[in-house]
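What follows is a set of notes on a single structure, which appears directly below.
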Amino acid sequence: MMPASHSARPLPRAALLPRCALDLKLDVPVATPAHQNEDVMHLFREHADLVGLPIVEGDQPIGIINRNIFMNEMARPFVREIYGRKSCIAFMDKRPLMVEAYTPIQELSFQALAAGNKALSDGFIVVDGGRYIGVGTGFDLVSAVTNLQAEKNRLVMESIDYASVIQKSFLRPSRQDLAATLPDHVLHWEPRDVVGGDFFVFRSFDDGFFVAVIDCTGHGVPGAFMTLIMASYLDRLLQHGEPRDPAKVMAEMNRMIKLSLAQDGEPVGHEDSDDGMDTAFLWFDRASRTLTWAGAKTPLFLLEPGADEVAQLDGDRTGVGYRTTAMHHAWMNRSVHLPEGASLFVTTDGIIDQLGGPKRIAFGKKRLRQMLLEHRDRPLADVGERVMLAFRDYQGEQVRRDDVTLFGFRV
């Protein structure tokens, strides 16, 4: 007796990537309890790609026969003579994995995992309200899960790529204003990932210009989200506040961050925010050539004409925001006169803290200052390129630790 064919009511199939068990359904021959093991052997020989043979009684699946197990058993001495003309249910798995047609692929993968190795080796039976409609293979399931994960990753990356467009659009006005105001400058902004937690703001006014170099908590998507918050707050303060008083702007930023991120009370749990930024806010007065700045864990590097070394100008050691920073913390304004030809640089710690070199130690401030001094007579854009080449060479095979921003100008 040859195995019976089994027709099933057609069900709509999803397009493109498999989304549910139905999309993995294969139409294969089936057998019934009336079929003998000789019939099953004939069927497996006819269909070399048939992994599991479903056994159906009426329209109800009752088991599945694994090809390899069955053929190995039938190859043993005298087994074929004893069982060849007996019902095929003797070799079927009476408890195969059965799944409803519209079971999502992810849920199906969980069920297959719980069922153990047999779900991958035997496959699974697809049913519609308990009625047999087909089988699926473990290989197809693994392939579907892999493709779905790849599709999810693609969609995530598309979202991140578009987020990068948004983040760069926030930087564009500052770049344009900077180029129009300071012909000799360098601005190198390089996220560790597609998007990052570093940010830069430049605003030109009739009597001077304001600069902010910002390193927000984290990098990647969380860091980028923080930069959008910081950029929005800072833009509001520069429109309605006093850019000539960097410490005051920084204090207002601190208050806004702590209120918006609920850092103004006692922590409740691990999900509470402890986010903020390390930054330097600068105001340069054109008439007096005076630079006034406030620093939050971010130093400035000043190279004056004829100087033998690059001076490091330190600010406060308290970050902006963060749970440990007081709501009404006051940063200090510091001032320095910039003679004609002086160069000033600010960098986030992505450069300074990067491990590398033969000893796998940090790039460090000393190495940065030496490079700035060595190339002092070059245009600052050229200086920036040389610093970044040396930085990448120093990093070598080490993993990039953080986002990188290098800003400098000559007046």
Side-chain angles (χ1 to χ4, degrees), residues 169-189 198-215 227 230-257 277-296 298-307 310-316 320 329-348 372 376 379-381 383-384 405-411:
S169 71
F170 271 75
L171 288 167
R172 190 175 300 116
S174 290
R175 287 187 179 275
Q176 294 171 344
D177 214 2
L178 173 61
T181 305
L182 295 170
D184 193 4
H185 73 272
V186 56
L187 174 58
H188 184 88
W189 177 78
D198 281 6
F199 203 70
F200 173 83
V201 174
F202 185 95
R203 296 287 185 273
S204 183
F205 299 85
D206 292 338
D207 56 341
F209 56 82
F210 176 90
V211 181
V213 177
I214 298 171
D215 181 2
T227 67
M230 304 303 185
S232 175
Y233 289 167
L234 186 53
D235 184 64
R236 189 187 315 172
L237 288 172
L238 292 179
Q239 287 182 20
H240 304 290
E242 179 50 80
R244 297 158 189 83
D245 188 348
K248 181 179 179 181
V249 177
M250 193 170 289
E252 285 298 310
M253 281 285 289
N254 180 64
R255 187 183 65 83
M256 295 171 74
I257 294 168
M277 64 181 183
D278 299 342
T279 185
F281 288 0
L282 292 69
W283 169 259
F284 180 74
D285 182 82
R286 289 191 178 94
S288 65
R289 303 186 64 87
T290 299
L291 179 78
T292 303
W293 88 96
T298 303
L300 279 54
F301 301 98
L302 173 62
L303 178 56
E304 297 185 2
V310 176
Q312 179 174 317
L313 309 179
D314 292 319
D316 290 19
V320 180
H329 182 84
W331 282 265
M332 180 186 298
N333 276 330
R334 295 170 170 83
S335 297
V336 63
H337 177 74
L338 298 186
E340 186 174 354
S343 300
L344 189 86
F345 301 88
V346 189
T347 177
T348 57
L372 297 177
R376 63 187 306 164
L380 293 193
V383 174
T405 300
L406 173 65
F407 166 70
F409 65 90
R410 181 178 285 139
V411 292

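Because only heavy atoms are used, hydrogens play no part in the values below, and waters and symmetry mates are left out as well, while side chains stay in.
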Which is it for T181 and R286 under the side-chain hydrogen bond (donor to acceptor under 3.5 Å, both in side chains) test, yes or no, and what are the steps along the way?
-> CA-CA 11 Å; T181 305; R286 289 191 178 94; 4.6 Å; no

In sequence, state the C-alpha distance, the side-chain angles, and the governing distance for M277 and F199, and then conclude on side chain to side chain contact (heavy atoms under 4.5 Å, CB included).
-> CA-CA 10 Å; M277 64 181 183; F199 203 70; over 6 Å; no

Evaluate the criterion side chain to side chain contact (heavy atoms under 4.5 Å, CB included) for residue pair L238 and V201; output intermediate values, then yes/no.
-> CA-CA 10 Å; L238 292 179; V201 174; 4.0 Å; yes

Going through the distances and angles, do M230 and T279 end up as a side chain to side chain contact (heavy atoms under 4.5 Å, CB included)?
-> CA-CA 11 Å; M230 304 303 185; T279 185; over 6 Å; no

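Remark: the backbone N or O of G295 is not paired with any side-chain donor or acceptor of R334 at under 3.5 angstrom. Without hydrogens or angle criteria, N333 side chain to T292 main chain gives no donor-acceptor distance under 3.5 Å. A donor-acceptor distance shorter than 3.5 angstrom exists from the side chain of D184 to the backbone of L380, with no hydrogens or angles considered.
In this structure, Y233 OH and I257 CD1 are separated by 7.5 Å, a value rounded to the nearest 0.5 Å. With rounding to the nearest 0.5 Å, the separation of CG in L237 from CD in E252 is 6.0 Å. Between atom CG of residue D278 and atom CG of residue D316 there is a gap of 12.0 Å, rounded to the nearest 0.5 Å. Taken from OG1 in T405 to CG in L187, the straight-line distance is 7.5 Å, to the nearest 0.5 Å. Note that NE2 of H329 and CG of N254 are 7.5 Å apart. Values are rounded to the nearest 0.5 Å. The CG atom of L303 sits 7.5 Å away from atom CG of L372, with the distance rounded to the nearest 0.5 Å.
In this structure the side chain of L300 reaches within 4.5 angstrom of the side chain of L291, judged on heavy atoms. By the 4.5 Å heavy-atom criterion applied to side chains, I214 and L234 are counted as neighbours. Here the side chains of L302 and V336 are in contact, with some heavy-atom distance below 4.5 Å. Side-chain atoms of F209 and D177, non-hydrogen and from C-beta on, never get closer than 4.5 Å to each other.
The residues D235 and R203 are annotated as salt-bridged, a charged nitrogen and a carboxylate oxygen being separated by less than 4.0 angstrom.
Under the salt bridge (Lys or Arg N to Asp or Glu O under 4.0 Å) criterion, D245 pairs with no residue, sequence neighbours left out. In this structure F407 satisfies the ring pair (Phe, Tyr, Trp, His ring centres under 6.0 Å) test together with F200, F409, sequence neighbours excluded.
Counting only residues at least two apart or on different chains, the side chain to side chain donor-acceptor pair (under 3.5 Å) pairs with a member in residues 337-346 are S343-R410.
The ring-ring contact (aromatic ring centres under 6.0 Å, His included) with F210 is formed by just one residue from the set W283, F284, W293, F281; it is F281.
Here the closest non-hydrogen pair linking D314 and P299 is OD1-CB, 3.5 Å. Scanning both residues, A247 and W331, for their nearest heavy atoms gives CB-O, 3.2 Å.
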